[in-house]
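Structure record follows, encoded as structure tokens.
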Amino acid sequence: MAKRKSALDEAAQRAFGAENRARLLHRWFADRPAVEPGRAWEEVYRLLLWVDATTGLAHCYESDKAQPGRPWYARSLAFHVWLSDRLGVEPTELVDELDWMFRQAVRDLAAQQREGLSEKARAQREPYDGRELPEPGADPELAEIIEEELGDWLREPPPEEVWARVVTRVQAHLSQENKRRNLTGEGFEDVVVALVNRLGAGRDVRARTQVRLGDLDGFYPTREGDKAKLIDLVVENGRTGARALVTAKWSVRSDREEQFRSDFEAYTRLQSDNRPFGHVLVTNEFDPARLVRACESRAQNAPLFTDVVHVQPHGVLAAYGEASGAVSHKTQRKVQEYVEAGRLTSLDDWIAGLLD
DNA sequence: ACCTATCGTCAGGTAGAGTC
DNA sequence: GACTCTACCTGACGATAGGT
């Protein structure tokens, strides 16, 4: 048997890395019919959107504010129901429709950890054989909680190593959520690119991620010693020559807003020709104030973004209570107006526009 | 007085390049 | 090949402004 690891193992070495993400996406699209125009947003949600474990609802806002009784719980419920209806499943079944990419990546990660780590750990503890040392994963308080709740139902107290295994598994389960952030970010870029390329196939429209500005036609090459400026993604139309410099952010925060501005300044400063270029924000942010700011931001006496694109603006409006006529807050109404005016466009409309 | 919306900051995480 | 360092990602949090 050859020593060489299979391609699958190689990629899964970095479960969240570019290679494994590409592998996963390839598999996802291989099993499915061609993406239908108008339904790109569904792919994004099936691949990347997740259900918040504390509420059981599709995640659309900060978890502390989406707890039962708080304002975003009502909005999360509305979004969850809207999405279930659109995907044609019961609200209790939605969880199985979403989050494919993360669930796959975590499985790869778990497989890789099971293999490598326990062997090494044994070697590390070996010099202390014969001495009492704390077992990893010992968390007496967590064990106590479980025992208090379940004790009466147990015929006998479980042995130590069972406690350790339970506690370790609970801890691993909880820490998993923290890993999601990484995949959501770069995975979002990958998914948008994959969708543009699939829908743009045969129309000479091409999208790429992580493009160095200096390598782009119409911009000065990066000077020696300068750090290359990376663009989240670039879309080029070979027929019309149109190009769009895109920043893809699953969510928005004020520090990222600062970056939008400074990145755009760099783009204009380093431009070597006069051909206009699109400057686009693609996001899944649900916060009305952040969305309105993206629509209204200006730079050099023009809108900062030529296009502000949301994965699914109608999902946002559903969350605000569009269906029940409850879009009452001023900022929310403004979002509604921007959607109606086409200033805040949907991913699908934006992609369709790229293909003209 | 109370409640919500807003928004800056921070922590936890990974990948990937560089170095030895 | 292992380790270190840097860049970058996002969600949670919580202080405070603002509305009723």
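We name chains A, B, ... by the order of the sequence lines, and we start the count at 1 in each one. Side-chain atoms are counted along with the backbone in the values below, which use heavy atoms only and exclude waters and symmetry mates.
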Which of the following nucleotides, dA5(B), dC7(B), dG11(C), is nearest to the side chain of Asp287(A)? dC7(B)
NZ or CZ of Arg75(A) within 45° of Trp72(A) ring axis and under 6.0 Å: yes
Choose from dG8(B), dC13(C), dA15(B) the nucleotide whose nearest atom is closest to any side-chain atom of Ser254(A). dG8(B)
Measure CD/Glu186(A) against C1'/dC8(C) and give the value in whole Å, please. 7 Å
Nearest-nucleotide 5' precedence on DNA chain B, Glu258(A) against Gly69(A): Gly69(A)
Could you state the atom-to-atom distance from CD of Glu177(A) to P of dC13(C) in whole Å? 13 Å
Side chain of Gln259(A): nearest nucleotide among dT10(C), dC9(C), dC7(B)? dC9(C)
Which is it for Asp263(A) and Lys229(A) under the salt bridge (Lys or Arg N to Asp or Glu O under 4.0 Å) test, yes or no, and what are the steps along the way? CA-CA 8 Å; Asp263(A) 285 349; Lys229(A) 193 126 195 85; 3.0 Å; yes
Under the 3.5 Å rule, do the base of dG11(C) and the side chain of Arg256(A) count as making a donor-acceptor pair? yes
What is the distance from CD of Glu285(A) to C1' of dT6(B), rounded to the nearest Å? 12 Å
Classify the ring geometry between His59(A) and Trp50(A) as parallel (under 30°), tilted (30 to 60°) or perpendicular (over 60°). parallel
Report yes or no: is the cationic atom of Arg198(A) (NZ for Lys, CZ for Arg) under 6.0 Å from the centre of the six-membered ring of Phe29(A), at an angle within 45° of the ring normal? yes
Return whichever of Lys65(A) or Asp255(A) has its heavy-atom-nearest nucleotide of DNA chain C closer to the 5' end. Asp255(A)
